[in-house]
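Data block below; observations after.
No experiment lies behind these values; they were computed from the predicted model shown.
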Amino acid sequence: MDNVNQTDSGSEFVLLGLSAHPKLEKTFFVLILSMYLVILLGNGVLIVVTILDSHLHTPMYFFLGNLSFLDICYTTSSVPLILDSFLTPRKTISFTACFGQMFLSFAMGATECVLLSMMAFDRYVAICNPLRYPVVMSKATYVPMAISSWAAGSAASTVQTSLAMRLPFCEDNVINHFTCEILAVLKLACADISINVISMGVTNVIFLGVPVLFIFVSYVFILTTILRIPSAEGRKKAFSTCSAHLTVVVVFYGTILFMYGKPKSKDPLGADKQDLADKLISLFYGVVTPMLNPIIYSLRNKDVKAAVRNLAIFQKHFPQKLFTKR
């Protein structure tokens with residue numbers, strides 16, 4: 001065990017990031033910073049309008065506000081670290097900060113998986129059982145649903161982070177990633193990680209497999225109901241109420257599937273290119289997806305567009321009439 005450094009609060013990890021591609025670092029610093037500002041602005045505006053506009057005080061927009069807040073928390077847990085790594089020659093992070101960042105990122109990712117399935121259920125009830133919607137999706141129902149999403153994601157992250165923190169780590173403390181991504185950290189362990197692997201597998205089934213299955217089944221019923229609507233205008237109107245959520249689901253889970261499901265190259269000469277591609281894909285998942293969510297909901301939802309338009313046009317001149325009844 002001479003080659004093992006037992007981790008403690010004073011230990012450090014080195015984040016490799018794009019160190020092998022220094023010419024790309026400044027370019028990606030500007031790009032990621034710009035995207036992060038768009039994330040803060042776009043999701044911040046959505047949170048504001050869902051709070052201030054009484055027309056958006058419904059379960060769907062309550063979940064949307066939670067999703068926007070979650071995206072801000074998720075990116076804030078990782079993007080400042082990524083930006084710092086682009087500017088700092090010695091890209092180190094303490095043991096405590098590393099696992100703190102790991103906990104936040106994992107918790108936000110798991111919470112989003114559950115929250116998206118809750119939003120699918122909301123759309124299922126709204127389209128398939130519209131007369132019962134006010135009763136089924138009352139405030140006494142949708143608020144605990146959102147709280148349970150946050151609680152479940154935090155609990156899963158607590159388990160995974162605690163198991164990872166108990167591991168001893170080798171002297172080779174270089175994490176081949178931008179952040180303390182849990183799989184990248186586990187590769188540095190100098191002990192049997194089978195418990196961690198099994199636990200991760202179970203967590204993936206619960207927080208990826210089950211929500212995807214639930215969303216899929218929900219949309220099977222939703223599409224079946226929409227196709228039974230006799231008029232084309234009615235079908236278009238019904239589909240428009242769930243198209244934004246469906247788009248977000250496809251982007252979110254599609255990126256995860258591509259990131260972890262794509263085949264690995266066996267050509268050692270292409271290892272560096274594949275490593276760079278993997279890192280850029282992880283950036284897309286971590287930054288581009290949260291940036292797209294408010295754009296998707298703003299472009300594909302007339303209520304959100306109207307609320308944002310009121311906020312932009314009348315905030316300065318008529319703040320007291322900002323959200324009058326339309």
Side-chain donor or acceptor of [X] paired with backbone N/O of [Y] under 3.5 Å:
| X | Y | value |
| --- | --- | --- |
| N66 | F62 | yes |
| T141 | V136 | yes |
| S117 | V114 | yes |
| T50 | L46 | yes |
| S154 | A151 | no |
| N204 | M200 | yes |
| T247 | S243 | yes |
| S162 | V159 | no |
| S149 | M145 | yes |
| S240 | K237 | yes |

Are the side chains of [X] and [Y] in touch, meaning some heavy atoms are under 4.5 Å apart?
| X | Y | answer |
| --- | --- | --- |
| Y74 | L104 | no |
| L115 | F63 | yes |
| I147 | W150 | no |
| V49 | Y61 | no |
| F178 | L81 | no |
| R123 | M60 | yes |
| L208 | Y253 | yes |
| S148 | M118 | yes |

**Asked** Between H245 and Y219, does the ring centroid distance fall short of 6.0 Å?
**Response**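 Ring centroids of H245 and Y219 are less than 6.0 Å from each other.
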Ring centers of F103, F99 separated by less than 6.0 Å =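 Ring centroids of F103 and F99 are no less than 6.0 Å from each other.
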hydrophobic_cluster_shared for [Y] and [X], side chain cutoff 4.5 Å:
| X | Y | value |
| --- | --- | --- |
| V220 | V210 | no |
| V205 | L213 | no |
| V30 | I32 | yes |
| I198 | L163 | no |
| L167 | I195 | no |

**Q.** Evaluation steps, side-chain contact (heavy atoms from CB on, under 4.5 Å), between Q160 and T203
**A.** CA-CA 9 Å; Q160 298 304 324; T203 301; 2.8 Å; yes
Rounded to the nearest 0.5 Å, what separation is found between the [atom1] atom of [X] and the [atom2] atom of [Y]?
| X | Y | atom1 | atom2 | value |
| --- | --- | --- | --- | --- |
| E112 | T289 | CD | OG1 | 8.0 Å |
| L15 | Q101 | CG | CD | 8.0 Å |
| H177 | I182 | NE2 | CD1 | 12.0 Å |
| I82 | Y36 | CD1 | OH | 10.5 Å |
| I93 | F13 | CD1 | CZ | 9.0 Å |
| Y133 | L131 | OH | CG | 13.5 Å |

Checklist entry - Around F69, counting heavy atoms of other residues, nucleotides and ligands shown, do more than 12 lie under 6.0 Å from its CZ? => result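 Counting other residues, nucleotides and ligands, CZ of F69 stays at 12 neighbours or fewer.
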Q: Give a yes or no on whether L37 atom CG has more than 12 heavy-atom contacts from other residues, nucleotides or ligands under 6.0 Å away.
A: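 Buried by this count: over 12 neighbours within 6.0 Å.
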Problem set entry | Full working for side-chain contact (heavy atoms from CB on, under 4.5 Å) between Y124 and N129 | CA-CA 7 Å; Y124 161 76; N129 297 282; 3.8 Å; yes
Next on the checklist: side-chain hydrogen bond (donor to acceptor under 3.5 Å, both in side chains), that's the test. Do S77 and S105 meet it? Break it down for me.
Outcome noted: CA-CA 6 Å; S77 72; S105 293; 3.1 Å; yes
Closest non-hydrogen atom pair between [X] and [Y], with its separation:
| X | Y | answer |
| --- | --- | --- |
| Y142 | M137 | CD2-O, 3.5 Å |
| V174 | L188 | O-CD2, 3.3 Å |
| T225 | I127 | CG2-O, 3.6 Å |
| D71 | N43 | OD2-OD1, 3.9 Å |
| T75 | G286 | CG2-O, 3.4 Å |
| R235 | L227 | CD-CA, 4.2 Å |

Member of L64, V45, D53, I296 meeting the side chain to side chain contact (heavy atoms under 4.5 Å, CB included) criterion with V304: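 Looking at L64, V45, D53, I296, the match for V304 under the side chain to side chain contact (heavy atoms under 4.5 Å, CB included) is L64.
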Before giving the answer on side-chain contact (heavy atoms from CB on, under 4.5 Å), spell out for N293 and F252 the whole-Å C-alpha distance, their side-chain angles and the decisive distance to 0.1 Å. CA-CA 9 Å; N293 287 350; F252 180 77; over 6 Å; no
Q. Under the disulfide (SG to SG under 2.5 Å) test, which residues partner C98, sequence neighbours left out?
A.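 By the disulfide (SG to SG under 2.5 Å) rule, C98 matches C180.
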Ring geometry between F28 and F86 (parallel below 30°, tilted from 30 to 60°, perpendicular above 60°):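 Plane angle between 30° and 60°, so tilted.
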Step by step, work out the side-chain contact (heavy atoms from CB on, under 4.5 Å) result for I175 and L16. CA-CA 6 Å; I175 301 174; L16 192 58; over 6 Å; no
